[in-house]
Amino acid sequence: MLYYGERNEPRRYLMLDLKLMQKDPDVVRESLAKRGSTIDVQEFLDLDERRKALIAEVETLKAERNAVGPEIARRKKAREDASDLLAKMGEVSERVKTLDAELAEVEAAEREWVMSVPNIPHASVPLGASEEDNPVLRYWGEKPALDFAPKEHWELGTALGGLDFECAAKLAGSRFSISYGWCARLERALAQLMLDTQTSVNGYTEVIPPFIVNRRTMTGTGQLPKFEEDLFKLEGTDYFLIPTAEVPLTNVYSGEVIDEALLPVKFCAQTPCFRSEAGSYGKDTKGLIRQHQFYKVEMVNFAHPEKSYDALEAMTASAEKILQLLNIHYRVIELCTGDMGFSAAKTYDIEVWLPGQDQYREISSCSNCEDFQARRADIRFQPADSKKKQFVHTLNGSGLAVGRCLVAVMENYQQADGSIVIPDALKPYMGGLEVVPAK
RNA sequence: GGAGAGGUGUCCGAGUACGGCUUAAGGAGCACGCCUGGAAAGCGUGUUUGGGGGGAACUCCAACGGAGGUUCAAAUCCUCUCCUCUCCGCCA
């Protein structure tokens, strides 16, 4: 196992293939345009030209210095005068120092530029500017036929004594919740069902990772350096609370070479997720939909590059499986170029039907990041038939967001009298409770 | 939190008291070749990564946990820092 210093960058910090940038910057330009980004490619090309010029000069000087070194040593040993060489090399070293400093600046600027460029969308991703342009791929099940006006989950949860947002606000603030009794147990039951299904049925290995990680780890999956304001940072340290288990799970193999025979590696974990939700003021202020802290069962795959898109379909199916077991209506949409996340090359969202809110809400997001994160985090595999190590493809998906799934169960299984029926799939986990009785 | 030990290539492991002749001895592993009916053993050759230049053969620069400093020159000296291990303290 290798250990890196905090400020050490991965050897391959370029998540975009640098060669691609140099050879065919238009591909990157086009990709950025599709995403609606304003990043300027020319800026990078200028930096790279400057970098090469500096390298050429400084390396010539260093070669000279290295060549003269032994002669200085020889003369000193022979007690001959070396002052002319010392003076000359003093000047050379001074110049080297200046150039090295400048080179470091240029490289830092280049790195910053590269690290802020989002992944290139897969060719199949539909063009679009915003979520309005995301096509629906398929529907599963049907909306429940309710012969009464359905309530929203916070109303149900509060009325049945399961949720108390006022108390949570007292303890912490807005965007927090506290749950009791049947509601707390129901959330635990959902997480159990998800973990059991992903491990026993879908072949994932269960993991309990750290919920707090360092800067390097956050950078590996793309949360940093661009999105620091979305994270909770522990004051006085360089630690961050994870916004998703994707971060620790994907970075398990950072800096490592995976044996090809082990691929695909499939991890899942239930963790709390912490998000500052900066910039979402006024959105979803009520209920459990948008919280600073929530549980999520996350799936992460390390896949062979040739199989990553099959893996994406399989992962999405694994997430869908949970809602099928719960028998809750949902649809699957594909994110368009303008709506995709920073690290993703292709993303499917699963949107669950919420009768109380009378709309579909995102409950899972499954993405293939291709080698974008693998480059940043330096995750490679050793192909059996070649000496050259290759970057793996990484995928991540929610399987599912537990809090939002709790919302879905409450709203879809509510009865006219205000009670909530426990779905069959959850009964084994509920200690005999079949209905949350109305009060 | 206190005291100590340590971090070198795929792995093990020298080198650090006296800075240059060590990108790095030695061993293991691995690859190829010879040998063999075949294999083992043996012998020979090769075996890090990133970057610059070149059509190529090739060549130059950098890297001994990380960052910085001293010096003409640092694995080696100095400072800070990260990580691992041992003992003590505290603790679910």
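Both backbone and side-chain heavy atoms feed into the values below; hydrogens, waters and symmetry mates do not. Protein chains get the first letters and strands the later ones, always in sequence-line order, with residue 1 at the start of each.
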Open item on the list: Is any side-chain heavy atom of A:Leu288 closer than 4.5 Å to one of A:Arg404?
Closed with: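 A side-chain contact under 4.5 Å is absent here.
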- [ ] Check whether any side-chain heavy atom of A:Cys273 sits under 4.5 Å from a side-chain heavy atom of A:Gln293, and report yes or no.
- [x]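 With C-beta onward as the side chain, the pair stays apart.
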Task: Dot-bracket line, read 5' to 3' along RNA chain B, where crossing pairs take [ ] and | marks a partner on another strand, Watson-Crick or G-U under 3.5 Å - done: ((((((((.[[[..)....(.....]]]((((((.......))))))((((((....)))))).[[[[[..)....]]]]])))))))....
Between [X] and [Y], is the gap from one ring center to the other below 6.0 Å?
X	Y	answer
A:Phe372	A:Phe342	yes
A:His292	A:Phe232	yes
A:Tyr309	A:His122	yes
A:Phe267	A:Tyr204	no

Atom-to-atom span, [atom1] of [X] to [atom2] of [N] - whole angstrom:
X	N	atom1	atom2	answer
A:Glu64	B:G52	CD	C1'	17 Å
A:Leu61	B:G52	CG	P	18 Å
A:Glu57	B:G53	CD	P	15 Å
A:Lys62	B:G51	NZ	P	16 Å
A:Arg216	B:G66	CZ	C1'	11 Å
A:Arg65	B:C72	CZ	C1'	8 Å
A:Glu91	B:A73	CD	P	13 Å
A:Glu94	B:G69	CD	C1'	14 Å

Nearest-angstrom distance, [atom1] atom, [N] to [M]:
N	M	atom1	value
B:U10	B:A3	C1'	36 Å
B:U76	B:A62	P	15 Å
B:A24	B:C12	C1'	16 Å
B:A75	B:G66	C1'	14 Å
B:A92	B:G15	C1'	46 Å
B:A31	B:U84	P	34 Å
B:C64	B:G9	P	10 Å
B:U16	B:U23	P	15 Å

Task: Closest contact, heavy atoms only, A:Ser419 versus A:Val436 - done: CB-O, 3.1 Å
So, does [X] get its side chain near the phosphate of [N], meaning an N or O under 4.0 Å from OP1 or OP2?
X	N	result
A:Arg51	B:G52	yes
A:Lys97	B:G69	no
A:Ser93	B:A73	yes
A:Asn66	B:C61	yes

Task: Selection residues 182-197 of chain A - residue pairs positive for side-chain hydrogen bond (donor to acceptor under 3.5 Å, both in side chains), sequence neighbours left out - done: A:Asp196-A:Tyr429
TODO: Using the closest heavy atom to pick a nucleotide of RNA chain B for each, name whichever of A:Ala56 or A:Gly69 lands nearer the 5' end.
DONE: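 Taking each residue's closest nucleotide, the earlier one in sequence belongs to A:Gly69.
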Task: 5' priority, RNA chain B, between A:Leu85 and A:Tyr239 [closest heavy atom] - done: A:Leu85
- [ ] Report the glycosidic orientation of B:A40: syn if within 90° of 0, anti in every other case.
- [x]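 Anti, angle beyond 90° from zero.
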Open item on the list: Closest approach to the side chain of A:Ile72, judged atom by atom: which nucleotide of B:G51, B:A62, B:C72 is it?
Closed with: B:C72
- [ ] Go through B:G20, B:C60, B:G51 for me and flag the one nearest to the A:Ala63 side chain.
- [x]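 Of all the options, the side chain of A:Ala63 is nearest to B:C60.
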Open item on the list: So for A:Glu59 and B:G51, does any side-chain atom that can act as donor or acceptor lie under 3.5 Å from a complementary atom in the base?
Closed with: yes
Open item on the list: Please classify the nucleic acid contact of A:Lys88 as base, sugar-phosphate, or nothing, using heavy-atom distances under 4.0 Å.
Closed with: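 No contact.
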- [ ] For A:Ile55, report the nucleic acid contact type (base, sugar-phosphate, nothing); a contact means any heavy atom under 4.0 Å.
- [x]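 Contact class for A:Ile55: sugar-phosphate only.
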Please tabulate, for side-chain N and O atoms in residues 88-96 of chain A, each donor-acceptor pair with protein atoms closer than 3.5 Å (sequence neighbours left out).
residue: A:Lys88; atom: NZ; partner: A:Glu64; partner atom: OE2; Å: 3.1
residue: A:Ser93; atom: OG; partner: A:Met89; partner atom: O; Å: 3.3
residue: A:Arg95; atom: NE; partner: A:Glu57; partner atom: OE2; Å: 3.4
residue: A:Arg95; atom: NH2; partner: A:Glu57; partner atom: OE2; Å: 2.9

